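Worksheet: one structure, shown below.
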Amino acid sequence: MAHVTFNSLRSFSFLYSLHSLYNATTLRHFHFKSNQIQPSHPPHMAAPATSDQSNPLITPYKMGKFNLSHRVVLAPLTRQRSYNNVPQPHAVLYYSQRASNGGLLIAEATGVSDTAQGYPNTPGIWTKEQVEAWKPIVDAVHAKGGIFFSQIWHVGRVSNSAYQPNGQAPVSSTDKPLSPQIRSNGIDQVHHTPPRRLSTDDIPRIVDDFRLAARNAMEAGFDGVEIHGAHGYLLEQFMKDKVNDRTDEYGGSLENRCRFPLEVVEAVVNEIGADRVGIRLSPFAEYAECGDSNPKQLGLYMVNALNKSGILYCHMVEPRIGSVAENVECHHSLVPMRKAFNGSFIGAGGYDREDGMKAIAENRADLVAYGRWFLANPDLPKRFALNAPLNKYNRETFYDSDPVLGYTDYPFLDEVSNGV
Ligand SMILES: Cc1cc2nc3c(=O)[nH]c(=O)nc-3n(C[C@H](O)[C@H](O)[C@H](O)COP(=O)(O)O)c2cc1C
């Protein structure tokens, strides 16, 4: 099996994280004509200079013990600028730019152990050095009154032996490899190392890695953790029946397939308390060849089980963010899961301002997470409050490793209006 180069994995991560998103949603909503996106009505009718209380996105919300001043959440966004898996000082500026008083930020996916990684320069939270490196970043968000959750992940088979300790195979629910993926240039292929199927006895160790990562996140000062149970990574590799081919108590029935993710939730809840725990799920998505034959049933099973643990929030990705080739039109909806879940519900995926306002007004979500728009607009809540134009995002720099480019160099609204 060929080793994956830095560049090919970067493109691969682009392929998985983004290619489908572009096809799926963005082009539907906006015309890219200049550096800025025009709002849905002309600038001369633009919004008031102060926050508009008739905008449901800009209304307070109490999420457990956290008093949020608005509903615009920073979605977790992998940035690949944490060299050697250690968060860097430049992340202080990046996250504090996006912090607002009473605003919820979810940090980029962060590895729970040295077997959890699958991309270059993504951060971890399993060593003392990593925990110490997170501290000033968290402090900077808190200094601006922000609420900051760490998204903790394990990529499972979406990895390569080059990212694994001692060059070992990545681990998964299965030993089925991912098929070679076509890079975004449409020509080259990317290979992942075939995974090693975790034995039944191995699983408690991985559960414990999540528990320790959650404890470390508390030590770093985060307000809570979001368990990454989405997008084809390890937890989904157990949950979804197109990947999980196990015959032990972690495979087969829905109950068995959800056992590992729910054990992770239980361990994290026991460690830091349910009032600090969220989870991200994408039952309808098919990233990394990770699909389920009955995603609605899976989503409902999970939220009902999560109700028993009493976790703070469930963050669910819209069905319209499906897979690379999927059409944007989708008859599925998150509403059944939203209705069944007792905690706070965050919707994400393909939202613009109007969509988000509507979702809150129609009670389809308590909060809306924005990925690409927040990446390109550090003051997104303010822009939504004012109905101001948005900076266009540059996908070419999403996964750049530069400490500034496409990271902390997107202008704030006042810089734009002052011609800076
Ligand atoms: C550059 C980039 C990195 C991402 N990294 C993560 C991640 O670390 N964890 C995660 O759960 N989702 C990740 N996503 C998905 C986003 O959180 C979000 O769900 C997706 O961009 C769709 O929302 P949007 O239409 O508002 O951008 C990423 C997306 C992008 C564009």
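Note that the structure is predicted; figures quoted are calculated from it, not measured.
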To the nearest 0.5 Å, atom CZ of Arg79 lies from atom CZ of Phe398 at 7.5 Å

Counting distance only, does the side-chain N/O of Trp373 pair as donor-acceptor with the main-chain N or O of Tyr393 below 3.5 Å? no

What distance do Ile125 atom CD1 and Ser150 atom OG have between them, rounded to the nearest 0.5 Å? 4.5 Å

Step-by-step side chain to side chain contact (heavy atoms under 4.5 Å, CB included) determination, Met316 to Val303: CA-CA 10 Å; Met316 209 172 268; Val303 293; 3.9 Å; yes

Is there a donor-acceptor contact under 3.5 Å from the side chain of Asn244 to the main chain of Tyr250? yes

Short side-chain donor-acceptor distance under 3.5 Å, Asn101 and Ser69: no

Would you say that Glu263 contacts Pro204 through its side chain, given a criterion of any heavy-atom pair below 4.5 Å between the two side chains? no

Is any side-chain heavy atom of Val243 closer than 4.5 Å to a side-chain heavy atom of Ser173? yes

Please check: side-chain N/O of Gln88 versus main-chain N/O of Val86, any donor-acceptor pairing under 3.5 Å? yes

Scan residues 292-315 for pairs that pass salt bridge (Lys or Arg N to Asp or Glu O under 4.0 Å), counting only residues two or more places apart or in two chains. Arg257-Asp292

Out of the candidates Leu104, Ile137, Ile106, only one should pair with Phe148 under the side-chain contact (heavy atoms from CB on, under 4.5 Å) rule; please name it. Ile137

For Glu249, I'd like to know if atom CD has over 12 heavy atoms of other residues, nucleotides or ligands within 6.0 Å. yes

Under a plain distance cut-off of 3.5 Å, with no hydrogens placed, do Ser113 and Thr115 share a side-chain donor-acceptor pair? yes

Within 6.0 angstrom of Lys144 NZ, more than 12 heavy atoms from elsewhere: yes

What are the two closest heavy atoms between Ala267 and Val207, and how far apart are they? CB-CG1, 3.6 Å

Side chain of Glu108, backbone of Thr78: donor and acceptor closer than 3.5 Å? no

When rounded to the nearest 0.5 Å, the distance separating CZ of Arg205 from CG of Asp202 is 5.0 Å

Output yes when a side-chain donor or acceptor of Asn391 lies under 3.5 Å from a complementary backbone atom of Pro411, and no otherwise. yes

N/O donor-acceptor pairs under 3.5 Å from side chains in residues 335-348, not counting sequence neighbours:
from	atom 1	to	atom 2	distance (Å)
Arg338	NE	Asn363	O	2.8
Arg338	NH1	Asp366	OD2	3.2
Arg338	NH2	Asn363	OD1	2.8
Arg338	NH2	Asp366	OD1	2.8
Ser344	OG	Tyr61	OH	2.6

Less than 4.5 Å apart, any side-chain heavy atom of Phe210 and any of Glu271? no

Give the minimum heavy-atom separation between Ser82 and Pro123, together with the two atoms involved. OG-CB, 3.5 Å

Between Leu298 and Cys258 the two heavy atoms that sit nearest each other are CD1-SG, 3.6 Å

Going by heavy atoms in the side chains, are Val112 and Trp126 under 4.5 Å from each other? no

Would you check if the distance from the ring center of Tyr313 to the ring center of Phe149 is below 6.0 Å? yes

Please evaluate residues Asn256 and Arg246 with respect to the criterion side chain to side chain contact (heavy atoms under 4.5 Å, CB included), reporting the C-alpha separation (whole Å), side-chain torsions for both, the decisive distance (0.1 Å), and the verdict. CA-CA 9 Å; Asn256 280 359; Arg246 303 178 71 89; over 6 Å; no

Are any non-hydrogen side-chain atoms of Val158 and Tyr287 less than 4.5 angstrom apart? no

Quick one: sort the Trp153 and His228 rings into parallel, tilted or perpendicular, breaks at 30° and 60°. parallel

Of all the heavy-atom pairs spanning Gly111 and Ala116, show the shortest one and how long it is. CA-CB, 4.1 Å

How far apart are the C-alpha atoms of Asn216 and Trp134, what are their side-chain angles, what is the distance that settles it, and do they pass the side chain to side chain contact (heavy atoms under 4.5 Å, CB included) test? CA-CA 10 Å; Asn216 286 345; Trp134 275 115; over 6 Å; no

Any sub-3.5 Å donor-acceptor pair from Asn160's side-chain atoms to Tyr163's backbone N or O? no

Go through the steps to decide whether Gln164 and Ser159 satisfy the test side chain to side chain donor-acceptor pair (under 3.5 Å), and finish with yes or no. CA-CA 8 Å; Gln164 297 296 318; Ser159 187; 3.0 Å; yes

Spell out, as yes or no, whether a donor-acceptor pair under 3.5 Å connects the side chain of Arg81 to the backbone of Asp400. yes

Looking at residues at least two apart in the chain, or sitting in another chain, which of them share a ring-ring contact (aromatic ring centres under 6.0 Å, His included) with Tyr94? Tyr407

CG/Leu68 to CD1/Ile147 distance, rounded to the nearest 0.5 angstrom? 4.5 Å

Who pairs with Tyr83 by ring-ring contact (aromatic ring centres under 6.0 Å, His included), at least two apart in sequence or on another chain? His90

Stepwise salt bridge (Lys or Arg N to Asp or Glu O under 4.0 Å) check, Lys176 with Glu289: CA-CA 11 Å; Lys176 281 186 295 194; Glu289 297 173 2; over 6 Å; no

Can you classify the ring geometry of His332 versus Phe284 as parallel (below 30°), tilted (30 to 60°) or perpendicular (above 60°)? tilted

Distance (rounded to the nearest 0.5 Å) between Leu262 CG and Met239 CE: 8.0 Å

Determine yes or no for a side-chain-to-main-chain donor-acceptor pair under 3.5 angstrom, with Asn85 supplying the side chain and Thr122 the backbone. yes

Value rounded to 0.5 Å, distance of CG in Leu74 from CG in Leu380: 9.0 Å

Quiz question: by atom type and distance under 3.5 Å, do the side chains of Asp241 and Ser293 form a donor-acceptor pair? yes

Hits for ring-ring contact (aromatic ring centres under 6.0 Å, His included) against Tyr370, two or more places apart or cross-chain, chain-then-number order -> Phe384

Derivation of the side chain to side chain donor-acceptor pair (under 3.5 Å) call for Glu415 and Tyr410: CA-CA 10 Å; Glu415 293 170 326; Tyr410 284 106; over 6 Å; no

From Met357, Arg71, His70, residue fulfilling side-chain contact (heavy atoms from CB on, under 4.5 Å) relative to Pro56: Met357

Okay, side chain of Ser309, backbone of Glu266: is any donor-acceptor separation there less than 3.5 Å? no

Name the atoms and distances for all side-chain donor-acceptor pairs under 3.5 Å in residues 275-282, with sequence neighbours left out.
from	atom 1	to	atom 2	distance (Å)
Asp275	OD2	Lys65	NZ	3.0
Arg276	NH1	Asp223	O	2.7
Arg280	NE	His315	ND1	3.4
Arg280	NE	His315	NE2	3.2
Arg280	NH2	His315	NE2	3.2
Ser282	OG	His231	N	2.8
Ser282	OG	Glu236	OE2	2.8

Before giving the answer on salt bridge (Lys or Arg N to Asp or Glu O under 4.0 Å), spell out for Arg211 and Asp208 the whole-Å C-alpha distance, their side-chain angles and the decisive distance to 0.1 Å. CA-CA 5 Å; Arg211 180 185 68 78; Asp208 207 50; 2.6 Å; yes

